[in-house]
Amino acid sequence: MTQKILWFILLIVLSNPSFSQGQRLQAQADFGQYIMRNTEERRKKVHFFVMRLSRSRMKFVRFSDAPFTTRTAIDAHEEAFKFFCGIPREVVYDQDRLFLVDENLGNLLLTRDFKDYVFEQEFLLHFCRRSDPQSKGKVENVIKFVKNNFLYGRSYYDIETLQAQVIGWLRRTGNGMMHSTIRKVPLEEWAVEKEHLSPWVSVKILPVYIMRYVRVDNTISYQGNFYSLPQGTYKKDVMVMIWLKDNELHIYDDQKKFLCRHQIAQNKSNKIINTDHKRDKSKKLKDLIAETAALFNNPVLAARYFESIYLSAVTFSELLTMHEEEDRTMATPTGKIILLDPTSTRKAEITPDKSDLSNYEQAFGKT
């Protein structure tokens, strides 16, 4: 009798919609890579991102010909949510370096870009512990499925062709055939599940700039080179913003105040230094004059001399600016005489006759 009661309670729990609510609103995401062969039989490594809805087993795959970065992984999330027509309440991940900076006393620290993105799209995160891979086993099975079913024996042409091929495969096979575990077709189950997803609206959380940490020697690293910043830029955990314009790096602080710009080096392992950056511009000019004058035998006289040099330089700069403005003033244009007879200037020197105004008045009867 007791066993029958327990089985009855279990059936009630399993049939309760709230029991599967967490699963219905959850997705799992992971990354994979695979060695393909191109048309010339050369090896080509491709990288891919997979997201799978937990209840319906609806899958999305995004390929890349380069390792994923935080930014491209966020783009892959956006494509997945668009593909699913909604956002699940929670997404499950490995402790991946693309999303996590570090673990501090058990607290997982998100990368800045991913944290901003999650805040904008408002979904919860669950990161699997390294000792508990079973909690993400379902999506890892999808990684194997993509490798063994879609990629196996397929030739690589380009990343756009591969992406178009996988979308077709998902429609026919990955999502279009009956799932071996739930014995249902993911596409059909997704039609029910998507009603419970949060609405998806595209966001462009990532700006067109690149963020870099400032090193203790007041430099930043970009593509294998180091570029100098003004003295005093470094502070603990401070970051700067880099805009790529033509062949230059335009660097701003985190308040979007312009700091400097550099030509982008064409090769690697260089240190590009602007000599002006060695001067500490945080000090006022008067303090710099006083410090320099103190090095002389007569500091008062030296300070007067430096101040006179500075005033002369200011005056010279103003005069130079005024002179440049005068040079830009357009001269009054003069008419150009075109000779009808290039061999003679006689006709050009003839003064035309002038008529008396009274002659015209007589002609019109105004005498």
Inset, instruction - Could you give me the CA-CA distance, side-chain angles and deciding distance for Ser56 and His179, then say whether side-chain contact (heavy atoms from CB on, under 4.5 Å) is met? - result: CA-CA 9 Å; Ser56 65; His179 192 276; over 6 Å; no
Inset, instruction - Mind checking the CG-CZ spacing from Leu187 to Arg57? Nearest 0.5 Å is all I need. - result: 14.5 Å
Inset, instruction - Check whether any side-chain heavy atom of Glu248 sits under 4.5 Å from a side-chain heavy atom of Gln263, and report yes or no. - result: yes
Legend entry - Any donor-acceptor pair under 3.5 Å from Thr69 side chain to Thr72 backbone: yes
Inset, instruction - For Lys45 and Arg43, indicate whether the former's side chain and the latter's backbone hold a donor-acceptor pair under 3.5 Å. - result: no
Legend entry - Other residues, nucleotides, ligands: >12 heavy atoms within 6.0 Å of Lys184 NZ: no
Legend entry - Leu229 backbone acceptor or donor facing Asn218 side chain under 3.5 Å: no
Inset, instruction - Could you tell me whether a side-chain N or O of His196 sits under 3.5 Å from a main-chain N or O of Leu25, the two making a donor and an acceptor? - result: no
Legend entry - Trp169 and Phe145 aromatic centres sub-6.0 Å: yes
Legend entry - Shortest non-hydrogen separation from Pro299 to Ala294 and the atoms involved: CB-CA, 4.2 Å
Legend entry - Test applied, side chain to side chain contact (heavy atoms under 4.5 Å, CB included); reference residue, Leu98; option that passes from Phe114, Phe68, Tyr93: Phe68
Legend entry - Check: Gln26 and His126 side chains under 4.5 Å, non-hydrogen atoms: no
Legend entry - Taking every non-hydrogen atom, the tightest pair across Pro186 and Lys59: CG-NZ, 4.1 Å
Inset, instruction - Taking Arg212 for its side chain and Ser221 for its backbone only, find out whether a donor-acceptor pair lies under 3.5 Å. - result: yes
Legend entry - Flag if over 12 foreign heavy atoms under 6.0 Å of CZ, Arg37: yes
Inset, instruction - Using a cut-off of 6.0 Å, state whether more than 12 heavy atoms not belonging to Arg304 lie near its atom CZ. - result: no
Legend entry - Same apolar cluster: Val118 and Val91, side chain cutoff 4.5 Å: yes
Legend entry - Short side-chain to backbone donor-acceptor contact, Asn225 and Asn270, under 3.5 Å: yes
Legend entry - Leu259 CG to Met241 CE distance, which is reported to the nearest 0.5 Å: 10.5 Å
Legend entry - Separation of Lys271 NZ from Ile273 CD1 (nearest 0.5 Å): 5.0 Å
Inset, instruction - Take Met58 and Lys194, measure what side-chain contact (heavy atoms from CB on, under 4.5 Å) needs, and give me the verdict at the end. - result: CA-CA 10 Å; Met58 184 76 167; Lys194 70 178 181 180; over 6 Å; no
Legend entry - Co-membership, hydrophobic cluster, residues Met177 and Val146, 4.5 Å side-chain: no
Inset, instruction - Look at the side-chain heavy atoms of Ile, Leu, Val, Met, Phe, Trp and Tyr, link any pair under 4.5 Å apart, and say whether Tyr152 and Leu162 land in one connected group. - result: yes
Legend entry - Side chain proximity check, Glu120 to Asp116, heavy atoms < 4.5 angstrom: no
Legend entry - Backbone of Glu160 reached by a side-chain donor or acceptor of Tyr157 within 3.5 Å: no
Inset, instruction - Kindly say whether Asn38 contributes a backbone atom to a donor-acceptor pair with the side chain of Arg42 at under 3.5 angstrom? - result: no
Legend entry - Stepwise side-chain contact (heavy atoms from CB on, under 4.5 Å) test for Met51 and Phe84: CA-CA 10 Å; Met51 184 177 288; Phe84 295 143; 3.8 Å; yes
Inset, instruction - Could you check Glu78 against Tyr117 for side-chain contact (heavy atoms from CB on, under 4.5 Å), going step by step and ending with a plain yes or no? - result: CA-CA 10 Å; Glu78 284 289 272; Tyr117 176 70; 2.6 Å; yes
Legend entry - Pair Phe123 and Phe81, ring centroids less than 6.0 Å apart: yes
Legend entry - Taking every non-hydrogen atom, the tightest pair across Gly176 and Val185: O-CG1, 3.5 Å
Inset, instruction - Please work out whether the ring planes of His77 and Phe99 are parallel, tilted or perpendicular, with thresholds of 30° and 60°. - result: perpendicular
Legend entry - With Arg215 via salt bridge (charged side-chain N to carboxylate O under 4.0 Å, His left out) - residues at least two apart: Asp217
Legend entry - Heavy-atom closest pair, residues Gln28 and Ser54: CG-OG, 4.2 Å
Inset, instruction - Return the minimal non-hydrogen interatomic distance between Arg154 and Gln165, and the atom names on each side. - result: CD-OE1, 3.5 Å
Legend entry - Minimum heavy-atom distance between Val201 and Gln121, given as atom pair plus value: O-NE2, 3.2 Å
Legend entry - Matching residue for Ile251 among Thr233, Val214, Val240 - test: side chain to side chain contact (heavy atoms under 4.5 Å, CB included): Val240
Legend entry - Heavy-atom side-chain proximity of Cys260 to Tyr227 below 4.5 angstrom: no
Legend entry - Contact check, side chains of Pro88 and Leu197, non-hydrogen atoms, under 4.5 Å: yes
Legend entry - Close side-chain approach of Arg71 to Ile74, heavy-atom, < 4.5 Å: no
Inset, instruction - Would you give the length of the straight line joining atom CE of Met211 to atom CG of Asp254, rounded to the nearest 0.5 angstrom? - result: 6.5 Å
Legend entry - Close side-chain approach of Leu100 and Phe127, heavy atoms under 4.5 Å: yes
Legend entry - Interatomic spacing from CD in Glu189 to CE in Met178 - rounded to 0.5 Å: 10.0 Å
Inset, instruction - Report yes or no: does Gln163 contribute a side-chain atom to a donor-acceptor pair with the main-chain N or O of Phe63 at less than 3.5 Å? - result: yes
Legend entry - Rounded distance (nearest 0.5 Å) linking atom CZ of Arg62 with atom NE2 of His47: 13.5 Å
Inset, instruction - State which residues pass side chain to side chain contact (heavy atoms under 4.5 Å, CB included) with Lys147; sequence neighbours excluded, sorted by chain then number. - result: Tyr34, Phe48, Ile143
Inset, instruction - Could you state whether Trp243 and Phe258 fall into the same hydrophobic cluster, counting links through intermediate Ile, Leu, Val, Met, Phe, Trp or Tyr residues with side-chain heavy atoms under 4.5 angstrom apart? - result: yes
Legend entry - Side chain proximity check, Lys44 to Asp65, heavy atoms < 4.5 angstrom: yes
Legend entry - ILVMFWY cluster, Phe119 and Ile87 together (side-chain gap under 4.5 Å): no
